[in-house]
Amino acid sequence: VVIFNLVIVELCRQGRLQEAFHVFISEMPGRSTPDVVTYNVLIDALCKDGKLDLARKMLRDVIQAGIRPTVYTYSSLINGLCKNHQLDHAKNMMEEMISRGCNPNVVTYNTLVDAYFTQGRTDEAYVVLEDMAESGCHPTMVTFNVIIKGLSRSGRIDEGYKVLDEMIDKGFVPVARSHNILVDALVVTFTLLADGLSKTGKLDAAFGVLRMMEDPQCRCNHDVTSFTVVVDGLCKAKCLGEAEEVVDAMPDHGTSPDVVTYSALINGYCKAGNVDRGYHLLRELGTKADVFSYSAVLDGFCKEKRLQEAWDLLKEMRSLGCTPNVVCYNAVIDGLCKAKLLEEAYHLYQEMDDHGCTPDVVTHNNLLLGLTILGKVEHSLTHVEEMIRHGNKFSSGW
RNA sequence: AUCACUGGGAUAUUUUC
């Protein structure tokens, strides 16, 4: 079983779900019997692929087969539900697991706390933390990181420190199995802090965090990610010269920029109205450029009404095998709509479908706005009817 | 022996003067 499990894990990790299920369905029977771990791995993979209904069905299968689901099984499902904005279902799942005699552990709690914070439901996050303490479950560094992330994103870093202090006062102290694990977690902690600070415009403080990381006393070296959060912060603050200086200085600090760093810069230039510089950096990236780098430039061109160049870039992506996703199409559709080129916009809308790219809320909003600009209200209604016919749900995004 | 939780980049709308 273990061998099969290892194979399935590897296939799932590479996103080869089909093949993983093939092994499970056609190759395992007769050779060995799937165990909980086999199911756990498949359920987790289904969740990460957004196939929550199938994952839940599999949980039922497990129970029906007389196998006891473990805390892994439930944690995977809860995580899947959380990441797909079904927080309340996640909470129900937690109750279900308890009623079935399976107790949640740190990971389960961390997952829920993170979800509540990310959804801005801070009070409920604290309730879960209390439940966790009550159940005698010790927090880990991940717990602390989740709290820091939750509070620093909304500019409430001081509150974050306060919460952590209180936890420590009460003896609710993170446990780590080894020194290395602790240091790795601290890198995440510092990066979260730097990110929270730079996203709220406190760039000096963000630099301070970077310097702290560099301090030999601290011994948790910053990496590409910690630099990139600062670079992005500088870009968003329109300090592009400084951002480039930081990028150039990275090698002196033991790291070098990657696609993400470059994309942050590219986006910064495009948003600041210097698309040409953005385009130039895209060329520097060469084949390392990904959908993010391209979409930043596509949007830049569109906002400047340089639609021909956007169009050519979109074609270039296809020919280079960097398949455009919804965001790329949306950026161009928006440009076309705002330029009152509705026909072309609908062409592209058709085209994305032909390329197997599913339109999302933003796509439809763009097209509806385009119709509105031209005063074609009745067409908007037709479009909405069409959407409903294709099974679109009007959810919270609306 | 194999499985679950936390860190960086892109697109629309959100009465800016």
Side-chain angles (χ1 to χ4, degrees), chain A residues 1-10 12 35-45 47-48 70-80 82-83 105-115 117-118 140-150 184-185 187-196 198-199 223-233 235-236 258-268 270-271 290-300 302-303 325-335 337-338 360-370 397-398:
Chain A
V1 216
V2 177
I3 307 290
F4 275 108
N5 288 347
L6 284 169
V7 171
I8 294 178
V9 167
E10 194 46 38
C12 290
D35 63 2
V36 227
V37 176
T38 321
Y39 285 104
N40 289 347
V41 172
L42 291 171
I43 286 177
D44 187 56
C47 285
K48 299 221 159 98
T70 64
V71 64
Y72 282 85
T73 326
Y74 287 111
S75 298
S76 292
L77 274 161
I78 289 174
N79 187 37
C82 286
K83 298 278 143 67
N105 66 9
V106 226
V107 173
T108 327
Y109 285 116
N110 288 344
T111 307
L112 265 181
V113 173
D114 181 46
F117 271 124
T118 347
T140 59
M141 281 304 294
V142 173
T143 319
F144 277 40
N145 286 342
V146 160
I147 295 172
I148 290 175
K149 176 179 114 183
D184 285 350
V187 179
V188 177
T189 313
F190 279 113
T191 308
L192 280 167
L193 281 173
D195 190 37
S198 76
K199 277 193 171 47
D223 52 14
V224 219
T225 305
S226 27
F227 272 99
T228 303
V229 301
V230 176
V231 168
D232 185 49
C235 287
K236 299 262 154 72
D258 64 5
V259 223
V260 179
T261 321
Y262 268 96
S263 301
L265 251 188
I266 290 174
N267 187 43
C270 291
K271 288 278 177 326
D290 65 7
V291 267
F292 282 77
S293 347
Y294 273 104
S295 60
V297 179
L298 284 172
D299 184 56
C302 288
K303 295 264 153 65
N325 65 3
V326 231
V327 176
C328 299
Y329 285 109
N330 287 347
V332 181
I333 288 178
D334 180 55
C337 285
K338 297 220 165 114
D360 65 2
V361 223
V362 177
T363 322
H364 290 115
N365 267 346
N366 287 340
L367 290 167
L368 289 172
L369 193 73
W398 294 78

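A, B, ... follow the sequence lines: proteins, then strands. Residue 1 opens every chain. Only heavy atoms go into these numbers, but all of them, side chains included; no hydrogens, no water, no symmetry mates.
At a cut-off of 3.5 angstrom, the base of B:rA12 holds at least one donor-acceptor pair with the side chain of A:N365.
A donor-acceptor pair under 3.5 Å is absent between the side-chain atoms of A:T111 and the main chain of A:N79, judged by distance alone.
When rounded to the nearest whole Å, the span between CG of A:N366 and P of B:rU13 equals 8 Å. Taking atom CD1 on A:I148 and atom P on B:rG8, their separation rounds to 14 Å, with Å as the unit. Rounded to an integer number of Å, the gap from A:D290 CG to B:rG9 C1' is 8 Å. The nearest whole Å value for the distance from the CG atom in A:D258 to the P atom in B:rA10 is 14 Å. Counting to the nearest Å, the P atom of B:rG9 and the CG atom of A:N325 are 15 Å from each other. Separating the CG atom of A:L367 from the P atom of B:rU13 is a distance of 13 Å, rounded to the nearest angstrom. Rounded to whole Å, the distance from CG on A:L193 to P on B:rG8 is 13 Å.
Close to B:rA10, at under 4.0 Å from its OP1 or OP2, lies no side-chain N or O of A:K303. Within the structure, a side-chain polar atom (N or O) of A:K236 is placed less than 4.0 Å from OP1 or OP2 of B:rA10. Using a 4.0 Å cut-off, no side-chain N or O of A:K338 falls inside it from OP1 or OP2 of B:rU11.
Using a cut-off of 4.0 Å between Lys/Arg side-chain N and Asp/Glu carboxylate O, A:K149 and A:D195 are scored as not salt-bridged.
Between A:C270 and A:V297, the shortest heavy-atom contact is SG-CA, 3.8 Å. In terms of heavy-atom proximity, A:S295 sits nearest to A:V327 at CB-CG1, 4.1 Å. Here the closest non-hydrogen pair linking A:S75 and A:V71 is OG-O, 2.7 Å.
In this structure A:Y39 satisfies the ring-ring contact (aromatic ring centres under 6.0 Å, His included) test together with A:F24, sequence neighbours excluded. In this structure, the side chain to side chain donor-acceptor pair (under 3.5 Å) partners of A:D44, at least two apart in sequence or on a different chain, are A:K48, A:S76. For A:D334, the salt bridge (charged side-chain N to carboxylate O under 4.0 Å, His left out) partners at least two apart in sequence or on another chain are A:K338.
Of the candidate nucleotides B:rG8, B:rA10, B:rG9, B:rA10 has the atom lying nearest to any side-chain atom of A:V327. Of all nucleotides listed (B:rU11, B:rG8, B:rG7), B:rG7 comes nearest to the side chain of A:T191. Among the nucleotides B:rG8, B:rG7, B:rA12, the one closest to any side-chain atom of A:S226 is B:rG7.
Using modelled atom types and a 3.5 Å distance limit, the side chains of A:T228 and A:T225 yield no donor-acceptor pair. At a cut-off of 3.5 Å, with distance as the only test, no side-chain donor of A:N110 or A:N145 sits close to an acceptor on the other residue. If you check the side chains of A:T363 and A:N366, you find no donor sitting under 3.5 Å from an acceptor.
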Identify each atom pair where a protein N or O and an N or O of nucleotides 15-17 of chain B are less than 3.5 Å apart, giving names and distance.
none

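If you check every strand for non-hydrogen atoms under 4.0 Å, A:V259 touches a base.
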Quick tally for nucleotides 1-6 of chain B: nucleotides whose base has a protein heavy atom under 4.0 Å get B, sugar-phosphate-only ones S, the rest -, giving BBBBBB
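Atom CD1 of A:I43 sits about 10.5 Å away from atom OG1 of A:T38, to the nearest 0.5 Å.
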Intra- and inter-strand pairing of RNA chain B, written as dot-bracket with Watson-Crick and G-U pairs under 3.5 Å and | for the latter, reads .................
